[in-house]
There are 2 protein chains.
Amino acid sequence: MAGGKKNYQNTILDIAEALKLSPATISRALNNHPYVKEQTRTDVMEMATKLGYRRNHMASGLRSNKTRTIGLIIPRVSMFFHAEVITTIQNDLHKHGYNLIICQSNDSVNMEQELTETLYASRVDALIAACTLQTVDFSHFDKFVDHGTPVIFYDRVPVGDYKATFIKGSDFQGAYLATNHLIAAGCKRIAHVSGPLTSNLYQDRAAGFLKAMEEHHLSVNPEWVFHQELTHENARIAMQEMFEKDIVPDGIFADNDTTAIAAIEFAKEKGIGVPDALKITGYSNDPRTAIITPSITSIEQFPNLVGTRIVEVLMELLTEEAEGPVYKTEPVIIPVELISRMSTGVNK
Amino acid sequence: MAGGKKNYQNTILDIAEALKLSPATISRALNNHPYVKEQTRTDVMEMATKLGYRRNHMASGLRSNKTRTIGLIIPRVSMFFHAEVITTIQNDLHKHGYNLIICQSNDSVNMEQELTETLYASRVDALIAACTLQTVDFSHFDKFVDHGTPVIFYDRVPVGDYKATFIKGSDFQGAYLATNHLIAAGCKRIAHVSGPLTSNLYQDRAAGFLKAMEEHHLSVNPEWVFHQELTHENARIAMQEMFEKDIVPDGIFADNDTTAIAAIEFAKEKGIGVPDALKITGYSNDPRTAIITPSITSIEQFPNLVGTRIVEVLMELLTEEAEGPVYKTEPVIIPVELISRMSTGVNK
DNA sequence: TTGTATGCGTTATCAA
DNA sequence: TTGATAACGCATACAA
């Protein structure tokens, strides 16, 4: 428990004085510099512990121009996919001796901009970002790029050219799989409840959906295609619009699991049998999809793999550092997999 | 998009030179110091923008001994309750001009210790922590306390005396409410599937459970009381043990929602009717409890309120600063509320 | 209202 | 292998 004088912090000068060594030697010992006598190093370590010395990151960062800290910006930590990704990133970075500053943009472009300022002010060694769905202008990331600080985008990445590294799931493939799965299960009239086309995610998924439909010569009813924020409420409205007409869908490809859940709930209320009269697929394989009745077929995005790859690529970029380009020119694509459940009647 | 020379960063000296002013004036202008001519301030701001100046947090923090950064340690961001709390904390801190560094302990005491070192090295202005369930020794927080840095514990807090501020839900009350609810619904043989007694959470809830049972002269079967990590697997094992006997419970007070969900699933598999033959309550009001069939009665902990109060208290501690004690002697208690659902048959 | 001078704690450069 | 010294970028006490 507490005790002792307040506010004074021991520094390397205190260690130096106690050991009759120079501060430079203390610094070297503490940083595993090769040119330090083993005995000296041991002495320093002991005295550091004894005095309760703790490095001041600000001082060392200021001098060395390295912080061993990585910044992360995500829309929300509460989304299952993102929560898993950041857990992996933090654990993997920790193994490499790096720290992580996690920041939430709350899906606000303004907040995202402010956070880039904050993280730049902290002079993070690299930045990892999953952008807002509304982020179409990425110029607030320029300061990092211009300064030679690696930037890695994942999940929601800039559309078009940008001097950063991209790591993303195969959204085209995921949509293609989901749509084909519905078709194979017998669906002929398939709706696509998707997110805003400002995001690469939904552009790619729309393409995957269309490809599968075309290949099976199924027509796409424009009244059954939605591009809007993927909230529970929006999903309900979409369902209502579709099911108050004479001709209704027999399959719904929902672009996130919240939407799929809303669809299931709507069907239950209206007495529409799932999967008999209506088949539904979600996206992301959120744990809720396995719990609800009927359970929901969804697309697994392997968040842990995404996190691992991000750190792998980051470490490469951070060690290369040989003034080469601080980004990968080719995007890293993470595979996806369809998890079949009750809502499409194909599996238990 | 990118462009321009790499690695050079404009400093206040560059602004000073461009404006033929002294660095001190620039610093004052940038920090809203009162003694700066309005025109000068405007000029400085303009030039700062023009030169793409961005403050170096490390330099200013080193000099001023303030970082305007708060550290946060939690077991996992993926738990619904914690995700909500940190979102609120970050948003509220942002309004006060503070930044938040979020760190996960992964429920590992070792990691928690390391994270305190990291955050101390970053010289955060205050620390917020929800401890591991296994944290019984809190001495790794001493360095903050000794240094006069405010520490706020929430949710999982030290048992006993410690020179820090405590903010917690009323766990006794929550357990008391849940148990009484089961009793009012007609349960006579109630099981308590709870977490490790090393944590204040489960100590308090055990007491609330016992109080309610006693008041209604119901006996507690020790074979139906579990204190173990609250995982899905452990919950299944507990259910199996209880339901392979001749006499089985007719009510289960589960101390988290994952456990309640596992109980529901077990009951479904075994053909035990919920809520007719068995009534179940969870804890935390995780969104999953509303989605599963039957929906699960649970205890709402008002995470947003917890987050708001944390920041309120923190701001008080940070502004007092008048060398008074940097903690509240009385714990702040956040109320709880029972949300009645299908699993206890009392509400829809 | 502004300028001068100094130091925060550490690491890098150079010399020994 | 170690030491002396400067410098990182900024904020502040004091002087003007």
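A, B, ... follow the sequence lines: proteins, then strands. Residue 1 opens every chain. Both backbone and side-chain heavy atoms feed into the values below; hydrogens, waters and symmetry mates do not.
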query = To the nearest 10 degrees, what angle separates the axes at the start and end of the helix from C:dT1-D:dA16 to C:dA16-D:dT1, five pairs each?
reply = 30°

Partners meeting side chain to side chain donor-acceptor pair (under 3.5 Å) with [X] (sequence neighbours left out):
| X | answer |
| --- | --- |
| A:Glu38 | none |
| A:Gln104 | B:Thr87 |
| A:Arg123 | B:Gln9 |
| B:Asn56 | none |

task = For residues 124-135 of chain B, pull every pair meeting side chain to side chain donor-acceptor pair (under 3.5 Å), keeping only residues two or more places apart or in separate chains.
result = B:Thr67-B:Asp125, B:Glu112-B:Thr132, B:Glu112-B:Thr135

request  = Only pairs at least two apart or in different chains count here, so list each salt bridge (Lys or Arg N to Asp or Glu O under 4.0 Å) that has a residue in residues 48-62 of chain A.
outcome  = A:Arg54-B:Glu117

request  = List the protein contact pattern of nucleotides 7-16 of chain C with one symbol per nucleotide (5' to 3'): B for base contact, S for sugar-phosphate-only contact, - for none; contact means a heavy-atom distance under 4.0 Å.
outcome  = BBBBBBB---

query = Tell me, which pairs form a ring pair (Phe, Tyr, Trp, His ring centres under 6.0 Å) where one or both residues lie in residues 127-146 of chain B, sequence neighbours left out?
reply = B:Tyr120-B:Phe144, B:Phe138-B:Phe153, B:Phe141-B:Phe153

ask   = So, A:Ser105 and A:Ser108: side-chain donor and acceptor under 3.5 Å apart, yes or no?
value = no

request  = Would you please name every residue forming a salt bridge (Lys or Arg N to Asp or Glu O under 4.0 Å) with A:Asp14, sequence neighbours left out?
outcome  = none

Validation: residues 92-102 of chain B side-chain donor-acceptor distances under 3.5 Å, sequence neighbours left out:
from    : atom 1 : to       : atom 2 : distance (Å)
B:Asp92 : OD1    : B:Lys95  : NZ     : 3.4
B:His94 : NE2    : A:Glu114 : OE1    : 2.6

task = Could you list where the contact with chain B starts and ends along DNA chain D, reading 5' to 3', using a 4.0 Å heavy-atom cut-off?
result = D:dG9 to D:dA13

